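Inspection log for the structure reproduced underneath, given as structure tokens.
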Amino acid sequence: MEYNFLEIEQNWHRYWSENKTFKVKTDSSKPKFYVLDMFPYPSGAGLHVGHPLGYIASDIYSRYKRLKGFNVLHPMGYDAFGLPAEQYAIQTGQHPTTTTEKNILRYREQLDRIGFSYDWSREVRTCDPSYYKWTQWAFLEMFSHWYNKKSQKARPISELVSIFEKAGNSEINAASGEVDAFTSTQWNTFSEAEKSAILMQYRVAYLGETSVNWCAALGTVLANDEVKEGLSVRGGNPVEQRKMRQWQLRVSAYAERLLFDLDKVEWSDSLKEMQRNWIGRSEGAEMIFKVSNGEQQYDLEIFTTRADTVFGATFMVLAPESEWVEKLTTGEQRSAVEEYLVNAKKKTERERMAETKKASGVFTGSFAVNPFTLQNIPVWISEYVLAGYGTGAIMAVPAHDSRDYTFARQFDLPVIPLIEGCDISSASFDAKEGIMCNSGFLNGMTVKEAIPAAINEVEKLGIGKKKINFRLRDAIFSRQRYWGEPFPIYYKDGMAMPLELKNLPLELPEVDKFLPTESGEPPLARAENWIFEGYPLEKSTMPGFAGSSAYYLRYMDPSNSNELVGKEANSYWRNVDLYIGGTEHATGHLIYSRFWNKFLFDLGYVCEPEPFKKLINQGMIQGRSNFVYRVKGGNTFVSLGLKEKYETTEIHVDVNIVSNDKLDIAAFKSWMPEYENAEFILENGEYVCGWAVEKMSKSMFNVVNPDIICTNYGADTLRMYEMFLGPLEQSKPWDTNGIDGVHRFLKRFWRLFIQKEVFAVSEEKATAKELKILHKLIKKVQEDIENFSFNTSVSAFMIATNDLYEVGCTKREILEPMTILLSPFAPHICEELWKMLGHNESISFATFPEYIEANTVENSFEYPVSFNGKLRFKLTLAIGLSVKEIEAAVLEDENTARYLSESTIKKIIVVPNKIINIVC
RNA sequence: GCUCGGGUGGUGGAAUAGGUAGACACGCAGGACUUAAAAUCCUGUGAACAGAAAUGUUCGUACGGGUUCGAUUCCCGUCCCGAGCACCA
């Protein structure tokens with residue numbers, strides 16, 4: 001009986017599915033534990049060996065927690081709406097549903113081979129109407145709520161309406177767009193359309209004009225996290241800024257809570273830091289500067305974090321898009337300003353960013369009054385000021401802000417240093433440290449003292465107040481695409497009207513083509529009868545993050561047709577205890593999900609304010625490419641070690657025909673027709689390939705398919721090897737070299753049970769030494785799994801197995817618990833051995849063995865003895881001696897005397913069970 | 001530029017409340033079994049020097065300092081690599 005992994009794995013897959021081994025129910029007699037993977041987008045390429053890394057880790061943890069007596073929810077599903085399926089549909093005319101289903105089937109096959117313990121009865125697909133019904137429902141809830149800043153909670157719109165009816169909007173402190181003040185009397189005289197327009201400014205999901213990232217190549221708008229360096233994350237197409245009327249989610253209302261609640265979750269520091277940056281809280285002051293264009297005077301509001309530097313504000317700058325530009329441009333500057341604006345508009349976002357070193361700008365002709373120095377300072381326009389942050393206008397302090405400094409030098413504006421001894425001859429002094437000077441009442445204070453003192457003064461003068469600003473913007477929620485959730489919204493007399501829950505799901509209509517219409521409308525405009533009760537329905541669809549924002553809730557109660565998640569299910573499963581996924585979702589999915597959850601929390605639908613308690617980011621698995629070297633001008637290939645002697649071209653070769661960097665020459669010849677007659681210059685009879693770490697991709701021929709590994713080595717080897725590769729959170733290249741070591745271990749483990757075709761486990765009592773091997777392992781594996789150090793656990797299994805071989809132990813008392821320990825890592829082989837050990841039930845229902853301290857205690861310890869830190873000899877002493885007794889033993893030892901021939905002992909340092917150091 | 005990680009053999013990586021650096025694995029070399037191969041098993045494997053050998057000595061965790069009986073681990077400075085953010089006032 002050899003270890004026949006193919007047969008074993010097949011049998012157990014069948015057993016698990018027939019017995020529904022991993023089906024999980026709400027069970028209040030057991031503590032719950034919820035382990036979640038970020039569900040995949042089912043792409044046409046299938047899984048490569050890098051994808052399952054996180055899934056394997058979460059599966060190990062789930063199995064471990066089950067053995068520890070937890071009721072573990074471990075579901076899986078598909079994030080199935082998205083651009084690639086739609087692009088593919090445009091190219092081939094195939095319906096995205098068809099290709100998506102095909103891809104899902106393939107994914108499922110691949111996942112099943114690896115032996116995951118998912119409860120597939122809870123599978124969700126975001127493109128399934130019975131699922132997106134609840135995405136649409138959540139949108140409707142957001143549409144019918146507003147955010148009360150005073151109570152920090154979302155509240156029903158109906159409540160807002162009754163406040164307006166009684167008191168107008170003056171008492172309301174809401175997260176909203178710009179609304180003029182009105183009284184209750186005025187409200188009651190407003191038309192339906194006027195009321196609707198006002199309420200829209202308050203809704204959590206609202207339709208509003210905004211500057212958006214427009215991607216012409218994709219024909220759609222994109223959210224901020226879908227754009228990087230002026231290019232779309234998907235496809236790398238250029239993105240420009242455009243003003244458009246779009247659906248948005250008022251994520252910014254939750255900025256404060258999203259920031260503070262980061263303290264409640266166990267995420268890595270770097271991930272929390274990324275979210276903190278993205279949310280971008282900064283404390284400062286809002287201040288009013290009096291400005292005049294010579295004819296009229298205005299109050300211009302700006303935001304600053306450096307109120308202490310007002311004395312050095314020598315000019316002001318407006319963003320080109322600012323509404324102040326129009327008001328403050330004087331007659332004689334008008335043509336210059338217009339020219340500048342035209343040029344600025346032409347530039348793409350990318351070009352704007354590329355020109356950070358040079359400043360550009362134009363003078364408006366207006367002047368402001370510095371409220372502290374009372375001097376007139378000019379008002380300029382420049383691209384370096386962003387319209388979307390603060391008020392779109394700044395006071396410029398060139399001495400202490402590098403951007404203002406560059407601008408001032410370019411246009412020859414005055415620079416006044418405000419900190420004693422700072423050097424501003426070639427750069428500004430941006431640090432918030434030093435003693436103030438040239439600053440009137442602030443002179444002599446440190447910067448840290450001066451900031452609050454200045455804000456205080458500003459408030460006293462009545463020209464501003466303390467203010468906290470966030471960078472986090474509202475999420476743009478419309479996409480001009482086909483393959484997404486339709487909005488449950490129709491338009492009646494120009495007013496956006498919500499559908500009701502009973503009308504959901506609003507299913508995606510059929511269209512003849514998946515392209516925008518000739519008039520530039522989204523694809524849904526092609527659908528016939530895309531109307532509700534005679535009124536036109538919204539034609540955009542929701543973005544990718546809509547479906548992934550609450551999927552973890554749906555898994556708790558996937559077949560509930562009345563609610564997203566039932567009260568009972570939610571109060572049992574609560575939230576995700578362990579979430580494993582890639583770091584690429586740090587500022588997208590993980591922000592939106594938290595927002596979505598908090599909104600539902602405000603409404604009382606969910607019982608936890610945070611969705612993911614602990615989060616682990618698994619590293620990326622990169623490809624390890626192999627190269628062959630063709631001698632120039634021929635079809636001869638030279639082995640790596642000899643390539644310096646020739647002039648060669650480096651060519652990627654399929655890693656699947658290379659093993660341990662040795663090329664399979666026959667396979668190479670049949671790989672591509674052009675190599676059929678290739679000749680080789682070998683070293684030691686072999687062709688050695690070069691290698692490099694690159695992204696895993698088809699074009700580099702370095703994609704390794706998990707199916708092939710499963711066929712050649714088995715799923716258990718794949719699982720263990722992926723864990724053995726290195727720390728979970730670290731990125732590392734896949735290297736098939738080395739997989740043999742893990743495979744050999746499994747075979748060795750198998751042979752502990754079966755020797756020479758015979759099941760050889762004995763019922764004999766274990767010795768203390770054997771028990772020690774076991775209990776050392778229990779301790780180590782338990783600690784490692786809890787710290788997610790799966791790589792060192794694998795080593796521990798190898799060591800323990802070798803130790804058992806050394807003492808020749810094949811006793812049940814040792815092997816049975818070891819099988820349980822190993823089962824999270826290598827479930828198939830362990831299930832098989834478990835059955836051979838005479839158990840009827842799956843090993844998944846076994847109990848994790850208890851660690852017993854006594855068995856690991858030795859009766860003696862071999863102390864390394866060092867002199868002045870330098871190791872000299874070893875001394876074996878009984879355990880439990882006092883420090884005094886150990887010192888005495890050291891003095892009596894003959895080795896000590898030998899090494900002490902000339903010097904005398906000054907001090908003996910004893911670290912019990914560690915080391916003895918003698919200082920002389 | 002700012003923030004956070006990280007630099008250990010030929011390779012992946014172990015080891016940090018400071019205590020035998022290089023666990024485990026790959027690769028490589030040698031050996032056993034075999035007609036042979038595969039499989040399996042055993043031995044060696046950081047570097048330099050000395051020795052027939054057992055063994056010993058010195059150096060060694062990016063670099064330069066510091067604290068300590070003792071530093072991969074703590075502190076200061078420098079260099080390099082990776083990730084994220086980037087006109088956010």
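Quick caveat, the model's predicted, so the values are computed rather than measured. Letters go in sequence order (proteins before strands), and every chain restarts at 1.
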Exercise. When you match A:Lys780 and A:Met395 each to their closest nucleotide on RNA chain B, which lands nearer the 5' end?
Worked result: A:Lys780
Problem set entry | A:Asp269 atom CG, neighbour heavy-atom count above 12 within 6.0 Å | no
For this session: Select one nucleotide: of B:U40, B:G19, B:C24, the one nearest the side-chain heavy atoms of A:Phe724.
Result: B:C24
Problem set entry | Of A:Phe749, A:Trp750, A:Phe753, the residue whose pairing with A:Tyr3 passes ring-ring contact (aromatic ring centres under 6.0 Å, His included) | A:Trp750
Problem set entry | Atom C1', compared across B:U58 and B:C2: separation rounded to whole Å | 45 Å
For this session: Sticking with atom C1', work out how far B:A21 lies from B:G31, rounded to a whole angstrom.
Result: 30 Å
Exercise. Rounded to the Å, how far apart are A:Leu728 CG and B:G13 C1'?
Worked result: 15 Å
Exercise. What is the nucleic acid contact for A:Leu725, judged by heavy atoms within less than 4.0 Å: base, sugar-phosphate only, or nothing?
Worked result: sugar-phosphate
Exercise. Considering only B:A25, B:A15, B:U20, which nucleotide approaches the side chain of A:Thr792 most closely?
Worked result: B:A15
For this session: Could you measure between the two P atoms, the one in B:G1 and the one in B:C59, and give it in whole Å?
Result: 39 Å
For this session: In whole angstrom, give me the gap between the C1' atoms of B:A23 and B:U72.
Result: 15 Å
For this session: Verify the contact: side-chain N or O of A:Gln730 to OP1 or OP2 of B:G5, cut-off strictly under 4.0 Å; return yes or no.
Result: no
Problem set entry | Pair assignment for B:U55, Watson-Crick or G-U wobble, requiring both distances under 3.5 Å | B:A50
Seminar exercise, completed: Of the candidates B:A89, B:G13, B:A15, the side chain of A:Lys732 sits closest to B:G13
Exercise. With sugar-phosphate meaning primed atoms plus P, OP1 and OP2, does A:Asn791 contact a base, only sugar-phosphate, or nothing at under 4.0 Å between heavy atoms?
Worked result: sugar-phosphate
For this session: Find the distance A:Glu729:CD to B:G6:C1' and express it as a whole number of Å.
Result: 14 Å
Problem set entry | Interatomic distance at C1', B:A14 relative to B:U8, whole Å | 10 Å
For this session: Answer with base, sugar-phosphate or nothing: what part of the nucleic acid does A:Asp661 contact at a heavy-atom distance below 4.0 Å?
Result: nothing
Seminar exercise, completed: Re B:G19: Watson-Crick or G-U wobble partner, both distances kept under 3.5 Å, found to be B:C69
Exercise. So does A:Arg276 pair up with A:Asp263, basic N to acidic O under 4.0 Å?
Worked result: yes
For this session: Give the nucleotide from the list B:U40, B:G19, B:C28 with an atom nearest to the side chain of A:Lys662.
Result: B:C28
For this session: Write down the distance separating the P atoms in B:G84 and B:U78, rounded off to the nearest Å.
Result: 25 Å
For this session: Mind checking ring-ring contact (aromatic ring centres under 6.0 Å, His included) for A:Phe311 and listing every partner two or more places apart, or none if nothing turns up?
Result: A:Phe372, A:Phe441
Exercise. Paired with B:A62: which nucleotide, if any, by Watson-Crick or G-U wobble criteria at under 3.5 Å for both distances?
Worked result: B:U78
Exercise. Syn or anti for B:G84, taking syn as within 90° of 0?
Worked result: anti
Exercise. Between B:G6 and B:G10, how far is it from one P atom to the other, in whole Å?
Worked result: 23 Å
Exercise. Over how many whole Å does the gap from A:Tyr384 atom OH to B:A86 atom P extend?
Worked result: 19 Å
For this session: Under a 3.5 Å limit for both distances, which nucleotide forms a Watson-Crick or G-U wobble pair with B:U35, could you say?
Result: none
Problem set entry | Among B:U40, B:G27, B:U57, the nucleotide that comes nearest once only the side chain of A:Arg872 is considered | B:U57
For this session: Report the base-pairing partner of B:C2 (Watson-Crick or G-U wobble, both distances below 3.5 angstrom), or none.
Result: B:G84
Exercise. Just how far, in rounded Å, is P of B:G1 from CG of A:Asp404?
Worked result: 20 Å
Exercise. Parallel, tilted or perpendicular: which fits the ring planes of A:Phe790 and A:Phe825, with parallel below 30° and perpendicular above 60°?
Worked result: perpendicular
For this session: Compare the minimum distances between each of B:A25, B:U40, B:A89 and the side chain of A:Met798, then state the nucleotide with the smallest one.
Result: B:A25
Problem set entry | Pair A:Thr391-A:Glu301, side-chain donor/acceptor within less than 3.5 Å | no
For this session: Answer whether the closest heavy-atom distance between the side chains of A:Asp404 and A:Ser428 falls below 4.5 Å.
Result: no
Problem set entry | Interatomic distance, A:Asn868 CG vs B:U68 P [rounded to whole Å] | 14 Å
Exercise. Of all the choices, B:A89, B:A23, B:G27, which nucleotide is nearest to the side chain of A:Ile799 once you look at every atom?
Worked result: B:A23
Exercise. Base, sugar-phosphate, or nothing for A:Ser402, non-hydrogen atoms under 4.0 angstrom?
Worked result: nothing
Seminar exercise, completed: For B:A29, the nucleotide meeting Watson-Crick or G-U wobble distances (both under 3.5 Å) is B:U43
Seminar exercise, completed: To the nearest angstrom, the CZ-P distance between A:Arg471 and B:A86 comes to 6 Å
For this session: In whole angstrom, give the distance that lies between atom CD1 of A:Ile754 and atom C1' of B:U40.
Result: 16 Å
For this session: Tell me which nucleotide among B:U40, B:G19, B:A89 gets nearest to the side chain of A:Val385.
Result: B:A89
Exercise. In whole Å, what separates the P atom of B:G27 from that of B:G12?
Worked result: 15 Å
For this session: For the pair A:Phe797 and A:Phe745, name the ring-plane relationship: parallel under 30°, tilted 30 to 60°, perpendicular over 60°.
Result: tilted
Seminar exercise, completed: Between CG of A:Asp784 and P of B:C24 the distance, given in whole Å, is 15 Å
Seminar exercise, completed: Of the candidates B:G13, B:C26, B:A89, the side chain of A:Ile394 sits closest to B:A89
